[in-house]
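Written out below as C-alpha cells is the structure these notes cover.
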Amino acid sequence: MSFLSFFNYPIGSVIRNKRRSLFAIAGIVIALSLISGSWIAVDSSGMGLLRSRLDKIPVDFVAWGRTSPLHGVNESYVAERIAAIESVDDVVDATAFGTGSGWYYSNSLGETLEDDTPWLYNYSGTLMFLSQDYGRFFSAFHVDGELPDPGTVAIPGYVADQLNLTVGDNIICRIENWIGETDPWGNYTYTTLYLNLSFEISKIWTQDKSSWSDDYYWSYVDHSDDPGWIDFKSVYNPVVFNLADLPLVDVPATAFMEHWGPTVSYYIWVDRDNIIDLADLQGSLDRLEQLKIQLDRIGMRYDFMVNDSELVYPLYDLIPRMEGIKPLFVALSLPVVALGAYLSIVGIDLGISERKREIAILKSRGASNRQVFTSLLTESFLLGTFAGVLGLVLGVLVSRFLLDAATIFSYEGEGSAIASDFMISEWTIIYSVLFGIALMTASSYRPYKKISKADVKEALRYYSPTVVQIDYKPRMDIIFLSLSIISILSIWVGFDWTDNLQNVSWITRLILSILILVGIVIFPLMPFLLSLSVIRLLTRGSRKLYSKLTFIVRPWTKELHYLVEKNIVRNPRRASNLCLIIALSLAFGLFISVTMESTMRYQENLIQFEVGADIKTQSDYYWGGAPEQLNPAILEEIGSVEGVESHSLYEAVRVSYGYYGGYYGGQTIAFDALAYEDTVHPDGFYFVEGGRGSLEDLADLNGTVLITQWIAEDYGISVGDDIPLMLDLTNYSSGFYDYKFVNYWGYVIGIVKSLPGLESYSIYMDKSALDFVPAQNRTEIVSAYGAFVEVLDGYEQAAVADDIDHVFTDAGMSPYSITVDERMEELNNDPAFRALTDFLYMEYVLSVAIMTIGVGILIFVAVNDREKELASIMARGSSAGQIRKILMGESFTLMVLGLIVGASVGLLTAYLFQSLYAGESSVVPREMLFTWISAVIVVASVGALIVASLVATSRAGKIKLAEVLRIRGG
Amino acid sequence: MVELGDIVVKDIIKVYKTGKSEVIALRGLDCTIGGGKILAIMGPSGCGKTTLLNIIGGLDRPTAGSINIDGVNLVDLSDADLVKHRRQRVGIVFQFFNLVPTLTARENIELPMRLAGKNSEEMTSRSAMLLKLVDMEPRGTHRPDEMSGGEQQRIGIATALANDPPIILADEPTGELDTATGQQILHLFQKLRDDYKKTVVIVTHDQRIGQIADTVMTIVDGRITSTMTGAEFHEKATIPANQSVPSPS
Ligand SMILES: Nc1ncnc2c1ncn2[C@@H]1O[C@H](COP(=O)(O)OP(=O)(O)OP(=O)(O)O)[C@@H](O)[C@H]1O
Ligand SMILES: [Mg+2]
C-alpha cells in the first residue's frame, strides 16, 4: 500500500461525506474558536500595547564614553565614532553629545531655579554639547527647536519662563567649588568659590511629550506634574551648545575646578521594523542582544560602552504576561471545550451506523482491523486539522468581541488595545491545529476502535429502524451520581463539620474527612457528572419515566400522542445525548450568570460595608500629630453642609481590651450610636446577639459596649459579661512619652460581626461613655476622627465629600474621603473583572451555539433515519403538519427534561459555589442573585432550542414521498 | 364507458430530472382501471410501474396528463386535498410492509384512523374487524419485529384498509414473501374485491396474478404494450402456477 493510496480512503471519506464530517467537528470548531479567539485577542492587544509603548521610546540604544572626563572632544572625534556605529547592520542613525553637570542657571538679576524646583534631581542643570550631525535627535525627542548659533546657547522654554529670559538675553551658568582644609583638631573649614559663565541665548526649545508623557519606564520624571521640562532620558533641562563650542566651557571650568570635564554619550537608532517582530518577542530580544554585542565590540575600540537597549524592557515585560494569560483562557474555556468534544462524540456516533456498513464492505474486500482503524484515525487527524483551521477562522470573529477582555494585562493608564490591531501568531495557529487534532482524536478513538473491530457479517446485516437495543449498564452512572452527591454534601457541610462530631472514633472522622476532601476536589467536575448520571439514569435506566413526561406535550399532540409516547423511548442513547447537551449548556449559563451577578452584588455589598454610608471621611492621628491644634467641635458643622441628609461622627479612641492588665489589641470606636443607626442603617445581618436595638441600648446605658464576634470567641466573652478596658492617656505628641493608662470596666450588651464602615475596630461604645475623660485630655485619646454622611438625592457625592473635607481641614485635620459612587465606578471599570465577565458570557454564547447545533443535528438525524417511516405514515394519510407535531412532541419532551436538569444543576452549582465562599468570607452578606440576565439566559436557551428543532423538523414537511418510498432496484 | 369508481388515467407523462439528465418514466400512458376490479401491472424493472402507482396514490404528481377518480382530477388537488385523498380514498400496501416499528399491530392499523381524527370506539371496533379480516386476531398486541413477513404484510393490508378506502394500491406486495405466503396474500386481495368491492391495483412480477386479476396490463418503457384479461394471461403464462417468478431484485 503506497502512502498515497493509504490516504486516499480517509481523504475521500472526509470530503465526500461533508455532512458527516461537519457533524463530527462542529463542537470542536466552536470550542476552538473561543481558545484561538482569546489568544488572538491577547496577541492583538499585546501588540497594540507594545506598539504604543515602543512609540514612546525615543531612542533605541544609549552609549557612554568610557573615559570621563574627556577634554577636547570635537566634531571630528565624534564623526569617526558615529561612522563606526552606523556601520553596524540595522543601525540607521546615531548622534553624539557631551554633557557636563553640576551647573546652576540664573539670569542677570541672580534669580535661580532652585527654589521652585519640586524635583530633587533637577537641583542643578546640565550643559549639553550637541554634535552638528544630530541625526533624528529633534524628531525622536519631539523637540521643537534647532541648534544654537555658534558661540550661543539654546535653553528650554521652561527655564526661559522661570528666569524671564528670551532670545538675545544672556543666561548665567554657575558652578561651585569648595576650597578648604582640615586643621590639626580635625575641624574642616572651607570657602565656596563660584564660576559664572554668561552665554547669549539664540534658541528656545520646547518639547511635545504628549505621546509619551505617561510612560512609566522611560523616564524618572512624573510628567503628570510636568511644568514643561525638556527630557532627554538622561539629561534634563539642559542648556545646549554646539559641540564645537565645548572649549567655551571646558577651558574656564577646568581651570576653575580641576576634576571638571565633559562626558561623551551617543544616541543610537536602529531599524525597528527589522529587529522587532511582535509575533516573536523572544526572537526580538535575541536580536537586540546581538546588536548590543556588536555595538560593544565597536565600543572596545572607540572607547565607549553600550547600555541594554531601551526597547528591551517593554518586550521583556510583556512576554510573561502574555504567555501567562493564555493558559488561563484555555482553563476558562474548559467547559465549552468539554461541551464541544461531547458534541463531536455525539456527531461521530451518529455517523457510526452508516459507517458500519461501509467498513464491513472494506473488510469483506480484505482490509484488516488495523488498516481500518488506522485509516479511521487518519480521518480524525484530517478532520482535526480542518477543525483547527476552521476554529481559527471563527476565532478571528470571536477575538473582536474579546479585545476588551485582553486588556486584563495592561496597566492602568497605559491605554488599551486598539481595535485595528490584529495579530495571529504562529503559535496560535500551531496550538489551534494541535488542539483540533487532539480533541478530534480523543473524541473518536473509542468509537472508531470499536467499529474497526466489528464483525463483518454482523455489520453487513445491520439495519437500524427498529428500537435500538443497546444494553445499558447503570453502574458507571450510579458511581457518578454518588460522587456528585458526596461532592454536594462536602461543600454543604464543609470541613468543620467533622470537628464538631463528638463520640466518633478517629477512624470514622478520618474516613469522613477523606470523603469530604474527595468531594471538594471533584467539585469542578460535579456539574458534569451530576447532569450526565441523572440524565442517563432517567432516559436510559428507565424508559417509563420520560415516556410519562410526554404528558406535557399531550394537549398539543392530541390524537397522535401515543406515537410520541412510544417513539420517545426508541433511541435512548440519542435522547440522553440531546438532554445532556441542553442540560450542560444551560447549567453553565446559569452558573456563570448567577455567580457573576452574585459576585458583583457581593462586591457592591463590600463597598457599602467599607464606606458605611454614602461618604466616609476620616483623619488619622495614631502616631501623634498635634492634638492641640485640633478642634473637633467644628466637625458638627457637617450637618449644615449643603447636600447632607444625615451624618454621624465617630472617634477611634485608644481604648483596648485589657485582659490581665496587658495590652491586648481590639481597637475601639466611640460614636454617636443613634446618629450612626440613622445614617448608616446597618443591616440586621451584622448583629449576632442583641439585634439592632443594641445600638439604642448603647446610647442609653452608660458604660456599655458592643464587641465583635472574633473578640467574643477569642476571649470567651458573652453578652452580660463585664470586660476590663484600658484607656491609654499617653500624650504621644510630646516627644517624651509619659505613659498613662486608666483601667475600667465595660458591660457587654451585644455582639456584632462588625459594623459597616468600622471594620478595623472591634469594640464599640457610645461617645458619652468617655465623658469621664477630662475635656483637656479628649484629643489625646483619639487616634482618628471620622464621619459618615448620607447625601440628599440630587447631590453629587464627590462634591459633598469635598465640602466635608473642608470642614475637617477647618478643624485642623487632614481628611481622606471615600464615597460609594467613586468605589462603584472603580469596581465597574475594573478591567480584570469586566474582562472575565465578557469572556465568560462569550463562552456562554458559544455553548448555546454548540447546544443549538447539537440539538439541530440530533433531531435532523432522527428525522433522517426515520425518513422512510415518516414517509410511510404520510402515505397513509398524515399531513406534514402532523408529522412535525410528532417530531416536535418528541424533541420538546426531551428538551424540557434537559432544561429542568440543566437549570437545577446550574443553580445548585452556583449556590454551592457561593456557599464555598460564604463559609470563609466573614462579615458581609453574600446572597445568591437570580437577575434578569439569568432569566434572559434561560429564555435564550429555550428560544435557541425551539428554533433548532423547528428548523430540523421542517425537513419532515419536505419529504418527497415517492422518492423516499421507492424501492430502489425493486 | 366510464363507471362510478373507475380510475381514468389519461396521457400521463412523468419526467424525472436528476441534475442535467432527464428520465422519462411514463410516456403518455392511458388506461381506465375499472372500479371493483383487480388490475395487475406487470413489466420489466424500470418501466414505470411504481411511478404510475405513486401518482394514483397521490404520493407524486405527474408532469402532464390527468387522473380522474369519480370526477375529481388528482392533478388539480392541493397538497392538503392530496393528504385527504391518501387518507380516505386510497390504501397503500408496500413491498417492505413499512409498519411503524414501535407500534403494535393494532396500533399500526389504528394509525391512519387517528390521522383522520376518528374517535376511539370506532377505531377499536374497526381495528378488531380488520385484524379478523386478515386473520391476525390473536396478534393484535405484537410489534412488527415479532411477526413474520407474511404476517406483517397482512397487517400492512389491514392498515391500508383502515379508513375503508375504495382503492387499494399494492406495489409488489408479495415480493418479499415465499410462495405459499404470497399465495395467501393474493387470496386476501381477491377477498377484498369480492367481499368488499374494492378496486385493487397490484404491481407484481408474480405470474400467479393471472389467477385473480380481472385485467393484466403490461408496461414497457413507460407505455402500455398489452392489456389482457386475467384468464388470458393465466393461459399464456408458461410457468406452472405453483412456482413463482423470482423478483429481479
Ligand atoms: N426519483 C427519481 N429520479 C430519477 N429517476 C427516477 C426516479 N424515480 C424513478 N426514476 C426512474 O424512472 C423509471 C421508472 O421507475 P419506476 O420506479 O417507476 O420503475 P418500476 O417499473 O417500478 O421498476 P421496478 O420493477 O424495478 O420497481 C426508472 O428508469 C427509474 O430509474
Ligand atoms: Mg417498482
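Source: prediction; values computed, not measured. Just so it is clear: chains get the letters A, B, ... in the order the sequence lines come, proteins before strands, and each one is counted from 1.
- Across L111(B), I92(B), D60(B), the residue that shares the most heavy-atom pairs under 4.5 angstrom with chain A is L111(B).
- Rounding to the nearest 0.5 angstrom, the gap separating the CG atom in D79(B) from the OG atom in S879(A) is 10.5 Å.
- Here I873(A) contributes atom CD1 and N108(B) contributes atom CG; the two are 8.5 Å apart, rounded to the nearest 0.5 Å.
- Annotation: the span from S878(A) atom OG to R86(B) atom CZ amounts to 7.5 Å, rounded to 0.5 Å.
- Using a 4.5 Å heavy-atom cut-off against chain A, the contacting residues of residues 112-122 of chain B are P112(B), R114(B), L115(B).
- Heavy atoms of E107(B) lying under 4.5 Å from chain A belong to its backbone as well as its side chain.
- Note that CG of L82(B) and CE of M874(A) are 10.5 Å apart. Values are rounded to the nearest 0.5 Å.
- The shortest heavy-atom contact between R876(A) and F97(B) is NH2-O, 3.1 Å.
- A 6.0 Å sphere centred on CZ of F386(A) holds no more than 12 heavy atoms belonging to other residues, nucleotides or ligands.
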